[in-house]
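Here's the structure, in structure tokens; my notes come after.
Below, read A as the first sequence line, B as the second, and so on, with proteins coming before strands; counting in each chain starts at 1.
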Amino acid sequence: MRITGTFLDEISYDIPHQNWGYKEWDRDFQSMKSIGIDTVIQIRCGHNGFITYPSKVLTTKAQCFMPPTDLVEMFLGLAEKYGMKFYFGTYDSGNCWKDANFESELEINKEVVSEVWTKYGKHKAFKGWYLATEISRRRGSAVEAIAGLGRYCKEISDNLPVLISPLINGVKQNRDLGLDKGSIPLAEHEAEWDSILGSLEGAVDQLAFQDGHVELKELAGYLKINCALARKHGIECWTNCETFDRDMPIKFLPIKWEKMWNKLQIAEAAGIEKAITFEFSHFMSPNSCYPQAHGLFDRYREYAGLI
Amino acid sequence: MRITGTFLDEISYDIPHQNWGYKEWDRDFQSMKSIGIDTVIQIRCGHNGFITYPSKVLTTKAQCFMPPTDLVEMFLGLAEKYGMKFYFGTYDSGNCWKDANFESELEINKEVVSEVWTKYGKHKAFKGWYLATEISRRRGSAVEAIAGLGRYCKEISDNLPVLISPLINGVKQNRDLGLDKGSIPLAEHEAEWDSILGSLEGAVDQLAFQDGHVELKELAGYLKINCALARKHGIECWTNCETFDRDMPIKFLPIKWEKMWNKLQIAEAAGIEKAITFEFSHFMSPNSCYPQAHGLFDRYREYAGLI
Amino acid sequence: MRITGTFLDEISYDIPHQNWGYKEWDRDFQSMKSIGIDTVIQIRCGHNGFITYPSKVLTTKAQCFMPPTDLVEMFLGLAEKYGMKFYFGTYDSGNCWKDANFESELEINKEVVSEVWTKYGKHKAFKGWYLATEISRRRGSAVEAIAGLGRYCKEISDNLPVLISPLINGVKQNRDLGLDKGSIPLAEHEAEWDSILGSLEGAVDQLAFQDGHVELKELAGYLKINCALARKHGIECWTNCETFDRDMPIKFLPIKWEKMWNKLQIAEAAGIEKAITFEFSHFMSPNSCYPQAHGLFDRYREYAGLI
């Protein structure tokens, strides 16, 4: 199992920025290419006032700040230069979780998607959409908003693929939420996601569950279910192999290689079609500010026969 | 708006030490100089047992440890070498906040100031005093202690300038205190600081509010008030443009350049006279242990036309 | 007082991995050697499913994962190459603390020790055992399990020395446990450890208390007691001079040199026989992912006359 895709974590939610300019990003795309990454996915185009491109929609309707550079233009250019597919990540206001009403999130994102498609849709590297709303359960109107936005993206863009990356409601998510309970039972996960994916048919093409919220010993069970459900609903089953470590007091540094190694093997055995990661540039890049990532890059390349 | 001053964060309260010796500090002063920094401010001369110079006062009366090196002598020498002004930061026992009685803090600091002026006052680079007590509100006898110490510093040193760097009682301070409330209303901030600055007339010459405790969207409002109040009370209005990121789980790594860029523009628009930062050596230096700071240094130099 | 030993923190409990391979470890052993380190101590051979060697016992009886490399073999080889003594650290299930019943921990560790002695006992560098159970007080059956395992290790290995590294029940341990109380009174510490060491006679040869849980001002008192008790019970008294900083929000980065400098002087004055550290490779190595460690390495070498 190889990593062939990565998120681009600008705008970050909880990972400190590396303060890279064009030169540093160019070098990092080159490093991605060197290990076979063919897909880059912008995690979101905006969060908490900060946005990745000069958006009239977001600066006027969501009071976002006009950014100093156009990251979308830069990422599209670099993706083209290195022969990669770029997925555009939608806007996450951060405001919808309290009441789980995602109507307004859907509305503004339709305008964002229209604006973005007009502005960047002609780019050769523009190859898909990533819906930034991350859910682990059916919650309020989140699933309906994801379905609505996915369909809108596909309609406007002549059916470009739509990717989502949900969570398994695992013990580590519950711990982060202050809940002293384990991972969701397999049968409950299966029933709930069977229903959710039923709602997402025709709106979502690719499904890449985050693999870091359950204990390593539990992972195989969930991945097998995810693959079977995806097949049933006509969706490609990817894995989002997290390359940061959720088990350490520092939130977050690169993952211990042995954990990643185990997760890749489990994914392969479960029949996963493609592995992407959150994310290369901080956690497994030879250019990362975290030297532990340089080690992870080398260990991965040894494993993949690239060194 | 350019950064022309920086704190020197030895003795640190919450930022891990870089374990630099003379050679590393010399190199860092050179980097500061290269971007136009003309003022270095020792954040405090002591905290929690650790002190920056071999102080008879603090080792005998505050049970501090005799330090292995004389940082004040070193910083003064480097400031002179690079043509910078050095501000001496006073002692912070860390003990006065519970009952907000700052009498003993004032008394020992008078002795510290006398000792320091005798020991280092003849140094060409000794150009000011920084009062280490950081307040966001009028609290117990803190303001009176600041006023008393400021006057004492000026008397003993033939009127060298006195600098303070208070907090805005913003949403992020309240969050750190476990309080679920927003930033202090502008009118309340204005009334309280009008009164505080009234008490500090003749004792404080320069005012550099920390700019990181309020949301970026709120900052302009506070900075305009701060400038107007400072003018009214005959005090110079600086800004302390924080270069660490208060929004991330890792407490603390270098700030995202876009935030700093926005804060500098807001400060300029508000009429701020000088920008200093907390602080260069960890968070925006090309020599920092945090490579994210190298990126911030480069982004800042691009912005400032220095690259 | 020189540092002549270090823990090897693979498998880590709370320190993120550096993702080193053989080349990086070889370079680090060389750096250890350059400052006079003659003893390396594997902190534990397994924790929470991850283990340091392909153990039939732990993969079948404790459901541990088969590791991608044999770290014990590698560490033994490097220790031999650089003329160092290797101590093997026992297994820590992480499960015994709730009910403080260590019977099962003792049983599986006897099997681990047998397996390891058969597998690696012929290695020239295999020179001792480290018991991974860290206690600060007599608690449940922990002391009995330590005594039983220590005796078993010595019997099986023709009396190789056994090392433990307990905690002082200090203010920082209590703070980590959410308890708002200070360090254990000296007299209570003395009485309790007199009793514990009485139980450990003949089972433990070397005692290296962790030195980081009490305030620096308190340390001398505890170290003097520890030395006197060790002498009384026929045990060598070492110190485990922690090189990470327990006082900072980031848990954990390298310690401020001044603290380490003070702790070494206090240990020397107390009559400590040998100083080891937790641990060289992250916190004081010139090869560490934390550049603050490079500074600590240089400051230490200046102090030790090695530069």
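Between I11(A) and K256(B), the closest side-chain pair of non-hydrogen atoms falls below 4.5 Å. Looking at N262(B) and F50(A), their side chains come closer than 4.5 Å, going by heavy atoms from C-beta outward.
Note that CD of E258(B) and OG1 of T52(A) are 9.5 Å apart. Values are rounded to the nearest 0.5 Å. Taken to the nearest 0.5 Å, the CG atom of D247(B) stands 11.5 Å off from the CG atom of D14(A). D245(B) CG to I15(A) CD1: the interatomic distance, rounded to the nearest 0.5 Å, is 12.0 Å. Here M248(B) contributes atom CE and Y13(A) contributes atom OH; the two are 9.5 Å apart, rounded to the nearest 0.5 Å.
Contact of I250(B) with chain A is made through backbone and side chain together, with heavy-atom distances under 4.5 Å. Contact of W261(B) with chain A is made through the side chain alone, with heavy-atom distances under 4.5 Å. The contact between K217(B) and chain A is made by backbone and side chain atoms together, counting heavy-atom distances below 4.5 Å. When heavy atoms are compared at a cutoff of 4.5 Å, L216(B) approaches chain A by way of both its backbone and its side chain.
For D99(A), the CG atom counts as densely surrounded, since its 6.0 Å shell holds more than 12 non-hydrogen atoms of other residues, nucleotides or ligands. More than 12 heavy atoms of other shown residues, nucleotides or ligands fall within 6.0 angstrom of atom NZ in K33(A).
The contact list for residues 60-69 of chain A toward chain B, using heavy atoms and a distance under 4.5 Å, reads A62(A), Q63(A), F65(A), M66(A), P67(A), P68(A) by residue number. Residues from residues 273-301 of chain B that place a non-hydrogen atom less than 4.5 Å from a non-hydrogen atom of chain A comprise P291(B), Q292(B), G295(B), L296(B), D298(B), R299(B), given in numerical order.
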